Protein chains: 2
Amino acid sequence: MSDLLERLRGRGWRMTAQRRVVAEVLDGEHVHLTADEVHARAVAKLPEISRATVYNTLGELVSLGEVLEVTTDKRAKRYDPNAHRPHHHLVCAHCGAIRDVHPTGNPLADLPSSERFGFTVSDVEVTYRGLCPDCAAA
Amino acid sequence: MSDLLERLRGRGWRMTAQRRVVAEVLDGEHVHLTADEVHARAVAKLPEISRATVYNTLGELVSLGEVLEVTTDKRAKRYDPNAHRPHHHLVCAHCGAIRDVHPTGNPLADLPSSERFGFTVSDVEVTYRGLCPDCAAA
DNA sequence: GACTTGACTTAGACATTGTCCAATGTAGGA
DNA sequence: TCCTACATTGGACAATGTCTAAGTCAAGTC
Ligand SMILES: [Mn+2]
Ligand SMILES: [Mn+2]
Ligand SMILES: [Zn+2]
Ligand SMILES: [Zn+2]
């Protein structure tokens, strides 16, 4: 995460306690927190941090390409710090657990030009759904 | 759509003016309306229809498998009457236009078991993103 | 170290999307 | 025609997200 903080400093960011805390929360593998979850964890480290600052900071990180927005369910957006390695997601339909996955092949190649309707297609998101081991056992 | 109304009658649905109007609105190809858009179009045909009824009816149609929920953007859910032909979506990143597409191949086969984390994977959603012809020209 | 300034943070109002409920209405069978 | 279980309604409430005015502070300058 200090990598991230360094990059942000290089981009002219003022290093505030709030931004440091948000960056700390957004660290690790398979991390896909909602804004309110980020806020709750940030408050544990810095009680006076506001919801508005969390939303602002997340939005800025997304604009900078340091964090991805993921919408695996129809509720809140989730924020994914694993922005520098392209990947897709595997979601448990029962408990919502999310794993990063790396399918083989290139789904873009599977969309023939006759199915492109003249669009310039630049990106593809794949969401696999199923049951995680815990939920399948229950 | 009278097909749909027949199926619903067969399932024991009471045929109300409200349900008929929602079914009428949800007709056609490449239709992906939000609940409020459905409501606005329904009101044009039946001014006294309430938001609650539109939400109730859409929820029931989804439960019955007659309509799909689609979340191509991070805003409102969209309702897709094309539930009987599996397909994916192509979305314009600029104006939000949505087309139904039918990629070749089977993306499920592209997820090796080493990338399944013990999940029972049953479904996959693919969303292609790019620019529609109009937005690319502008 | 003190000063300055524009970027940053905050609380809370407001907006959008969706859910829930008690009261009222009605489709369809008896 | 009557009955009643099912359906609809309006509005309160909830969850998520946006915006703004006022106060705060990081970091450059002296
Ligand atoms: Mn991820
Ligand atoms: Mn569709
Ligand atoms: Zn699970
Ligand atoms: Zn477009």
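Basis for what follows: all heavy atoms, side chains included, without hydrogens, waters or symmetry-related copies. Just so it is clear, the structure is predicted and the values come from calculations on it, not from any experiment. Every chain is numbered from 1 and lettered A, B, ... according to where its sequence line falls, protein lines coming before strand lines.
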Mind calculating the distance between [atom1] ([X]) and [atom2] ([N]) to the nearest angstrom?
X: A:Glu60; N: C:dC8; atom1: CD; atom2: C1'; result: 9 Å
X: A:Arg20; N: D:dA26; atom1: CZ; atom2: P; result: 8 Å
X: A:Arg11; N: D:dA27; atom1: CZ; atom2: P; result: 17 Å
X: A:Gln18; N: D:dA26; atom1: CD; atom2: C1'; result: 11 Å
X: A:Leu5; N: D:dA26; atom1: CG; atom2: P; result: 15 Å
X: B:Glu69; N: C:dG18; atom1: CD; atom2: C1'; result: 11 Å
X: A:Lys74; N: C:dT19; atom1: NZ; atom2: P; result: 12 Å
X: A:Asp73; N: D:dA15; atom1: CG; atom2: P; result: 15 Å

Any salt bridge between [X] and [Y], counting N to O under 4.0 Å?
X: B:Glu29; Y: B:Arg99; answer: no
X: B:Arg19; Y: B:Glu60; answer: yes
X: A:Glu37; Y: A:Arg78; answer: yes

Report all side-chain donor-acceptor pairs from residues 104-114 of chain B shorter than 3.5 Å, counting only partners two or more places apart or in another chain.
| from | atom 1 | to | atom 2 | distance (Å) |
| --- | --- | --- | --- | --- |
| B:Thr104 | OG1 | A:Asp110 | O | 3.3 |
| B:Asn106 | OD1 | B:Leu108 | N | 3.1 |

Out of D:dT18, D:dA7, C:dT17, which nucleotide sits closest to the side chain of B:Arg19? D:dA7

The test is side-chain hydrogen bond (donor to acceptor under 3.5 Å, both in side chains); show your working for A:His32 and A:Asp100 and say whether it passes. CA-CA 9 Å; A:His32 307 92; A:Asp100 290 347; 2.8 Å; yes

Taking atom CZ of A:Arg116 as the centre, report whether more than 12 heavy atoms of other residues, nucleotides or ligands fall under 6.0 Å from it. yes

Do the ring centers of B:His87 and B:His89 come within less than 6.0 Å of each other? yes

Whether each nucleotide of nucleotides 22-30 of chain C has a protein heavy atom under 4.0 Å at its base (B), only at its sugar-phosphate (S) or at neither (-) is summarised, 5' to 3', as ----BBS--

Honestly curious: do B:Val22 and B:Val70 fall in one hydrophobic cluster under the side-chain, below-4.5 Å linking rule? no

If the cut-off is 4.0 Å, is B:Tyr55 near the phosphate of C:dG18, judged by side-chain N/O to OP1 or OP2? yes

Applying salt bridge (Lys or Arg N to Asp or Glu O under 4.0 Å), run through B:Glu6 and B:Arg11 and close with a yes or a no. CA-CA 9 Å; B:Glu6 278 313 310; B:Arg11 302 226 203 198; over 6 Å; no

Interface residues of residues 32-54 of chain B with DNA chain D (non-hydrogen, below 4.0 angstrom): B:Glu48, B:Ile49, B:Ser50, B:Ala52, B:Thr53

